[in-house]
Amino acid sequence: MEIKFERLHLQSDLRSPLKGFETISVPTEVRIDPLTKRRSRIITWGLPSKGKFDFSRMAEESKGCFFCPENVLLKTPQFLEEIVSEGRICIGKAVGFPNLNPVGTYGSVVVLCHEHFLNLNQFTPEIYEEGLSVAIEIIRRTMDFDPDTRYWHISQNFLLPGGSTILHPHLQVIGDPVPTNEMEWLLNASSSYYQRNGTLYWNDLVQIEQGLGKRYITNIGKVHWLVAFAPIGFNEVCGSVEGHGSVTTLGKEEISSLAKGIVSTLKYFEDKDLNSFNFTLYSISGEASYQLLIRIISRTPIQPFYLNDWTSFEVLQSELTSNIIPEELCREIRPYFP
Ligand SMILES: [Zn+2]
């Protein structure tokens, strides 16, 4: 195994007005991702929480949207008959249909629940079990129709800071014959690791992280949950699904394990006064060196005088700055997992 956790310590010296202009040193840590070699910066200061935002007015004013139960079967698009003959895919309360505003070859939306708005601690494993099952059924049916579409992502953008214009909880399901940048980086790095070591990177990482115990949260069935050493998002929690590269081969047990991990992470976010998040499941078929990965990150919460968490560092330097030390996040979030 050749997994290395590389860090560089940086330090800024200055005379602080908060300490009578005494000289102080402020450390920053640069961490290098063991797989992709991408750098992240862990800063050691943070702004205090502004408390919880009251969503009642926003929810009241926007309810009765296209995704609300009285509209969803009347006002949303239907699949081509040759892909989904019944038009939409429904499992429990989740409803899947094509995205009217797609960004690729196959774009779908999965409405997760009847409720127009949910706080992060109101999402349940059942909501995600049904939603992910619909997303996976969409992918299976589409791949039966077009087997060249090997690259899929199932994502959630929650609230405006997460990039969603619609409050009503929903997933995005996007499939293409070409990978995204992130998928290509993951694939290339996993493949060259496999060629050098003859083993899967994610299996090796899980084994090492289990031994170290600093960033490994727990396993729920075949899904191993851990905190990224060099995060690319705030409060990043990762799940690696043993024995699968694509969501199309997942059974009920793995779907349920993913759902439980997502819900556990969201409950932690709620307790930290966060309210907006993104997650993505990167699903790739036909690659022996790749293992299915989910990443969940928080976004700066919606609040008056909203502060964007992507500065010139992230947008123009491709380097994340995060004020959460991954090992502390792991310690804090562990009790939220079953
Ligand atoms: Zn709605």
Side-chain angles (χ1 to χ4, degrees), residues 35-36 89 91 94 96 99 103-112 123 125 127-143 149-158 162-164 169-176 179-187 190 200-202 205-206 217 219-228 231-233 235-266 269 277-287 290-299:
L35 181 67
T36 60
I89 292 177
I91 297 176
N99 192 336
V103 291
T105 320
Y106 298 102
S108 303
V109 170
V110 178
V111 173
L112 284 173
F123 285 93
I127 288 175
Y128 282 107
E129 280 163 16
E130 292 176 358
L132 291 174
S133 298
V134 169
I136 292 165
E137 187 59 19
I138 290 171
I139 295 171
R140 285 182 183 142
R141 302 254 203 128
T142 310
M143 287 187 74
T149 306
R150 297 166 49 219
Y151 304 97
W152 288 89
H153 32 130
I154 303 174
S155 304
Q156 185 169 4
N157 305 321
F158 190 64
S164 176
H170 60 283
L171 304 178
Q172 305 270 349
V173 187
I174 298 171
D176 283 303
T180 59
N181 281 322
E182 185 65 32
M183 285 180 171
E184 187 163 84
W185 297 330
L186 285 171
L187 264 183
S190 303
L200 285 180
Y201 169 78
W202 288 96
L205 180 74
V206 162
I217 302 170
N219 72 295
I220 308 177
K222 284 186 178 171
V223 186
H224 297 271
W225 294 95
L226 60 159
V227 174
I232 59 167
N235 289 299
E236 182 182 325
V237 170
C238 298
S240 176
V241 189
E242 205 181 312
H244 299 267
S246 156
V247 292
T248 54
T249 54
L250 296 183
K252 272 196 170 156
E253 196 185 316
E254 289 92 0
I255 293 170
S256 166
S257 302
L258 284 166
K260 285 179 186 150
I262 295 167
V263 167
S264 302
T265 304
L266 298 189
F269 287 175
F277 69 93
N278 297 109
F279 76 67
T280 288
L281 257 163
Y282 306 87
S283 171
I284 303 169
S285 300
E287 295 286 344
Y290 178 72
Q291 190 153 287
L292 185 62
L293 171 69
I294 182 170
R295 281 195 182 118
I296 313 172
I297 62 167
S298 67
R299 305 301 303 270

How long is the gap from [atom1] on [X] to [atom2] on [Y], to the nearest 0.5 Å?
X    : Y    : atom1 : atom2 : value
I136 : L281 : CD1   : CG    : 7.5 Å
H244 : L250 : NE2   : CG    : 5.5 Å
H224 : W202 : NE2   : CH2   : 12.0 Å
I217 : T265 : CD1   : OG1   : 6.0 Å
Y290 : S283 : OH    : OG    : 7.5 Å
R299 : N157 : CZ    : CG    : 8.5 Å

Task: Partners passing side-chain contact (heavy atoms from CB on, under 4.5 Å) against E137 (at least two apart in sequence or in another chain) - done: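 side-chain contact (heavy atoms from CB on, under 4.5 Å) list for E137, sorted by chain: I89, R140, R141.
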
Would you say that [X] contacts [Y] through its side chain, given a criterion of any heavy-atom pair below 4.5 Å between the two side chains?
X    : Y    : answer
L258 : F279 : no
Y106 : I138 : no
S164 : H170 : yes
I262 : I294 : yes
S155 : N278 : no
L171 : L132 : yes
I296 : W225 : yes
T36  : I232 : no

TODO: Could you pull out all residues at least two apart from Y201 that satisfy ring pair (Phe, Tyr, Trp, His ring centres under 6.0 Å)?
DONE: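 Y201 satisfies ring pair (Phe, Tyr, Trp, His ring centres under 6.0 Å) with Y193 once adjacent residues are dropped.
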
Task: Check against side-chain hydrogen bond (donor to acceptor under 3.5 Å, both in side chains), S256 and E129 - done: CA-CA 6 Å; S256 166; E129 280 163 16; 3.2 Å; yes

TODO: For D176 and T105, indicate whether the former's side chain and the latter's backbone hold a donor-acceptor pair under 3.5 Å.
DONE: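 Flag set: sc D176 to bb T105 pair under 3.5 Å.
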
TODO: Determine yes or no for a side-chain-to-main-chain donor-acceptor pair under 3.5 angstrom, with E254 supplying the side chain and G251 the backbone.
DONE: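 Indeed, once roles are kept as given, a pair shorter than 3.5 Å links the two residues.
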
Task: H153 and T280: side chain donor to acceptor below 3.5 Å - done: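 Absent: no donor and acceptor within the cut-off.
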
If every non-hydrogen atom of [X] is compared with every non-hydrogen atom of [Y], which pair is closest and at what distance?
X    : Y    : result
Y128 : V263 : CD1-CG2, 3.7 Å
S298 : N235 : OG-ND2, 3.0 Å
W152 : M183 : O-CE, 2.9 Å
G131 : L112 : CA-CD2, 3.6 Å
I284 : Y151 : CG2-CE2, 3.8 Å
V241 : Q291 : O-CG, 3.2 Å

Open item on the list: Please confirm whether the ring centroid of F123 lies under 6.0 Å from the ring centroid of F158.
Closed with: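 Ring centroids of F123 and F158 are less than 6.0 Å from each other.
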
TODO: Decide side chain to side chain contact (heavy atoms under 4.5 Å, CB included) for I154 and I139; before the verdict, give the C-alpha distance in whole Å, the side-chain angles of both, and the deciding distance to 0.1 Å.
DONE: CA-CA 10 Å; I154 303 174; I139 295 171; 3.9 Å; yes

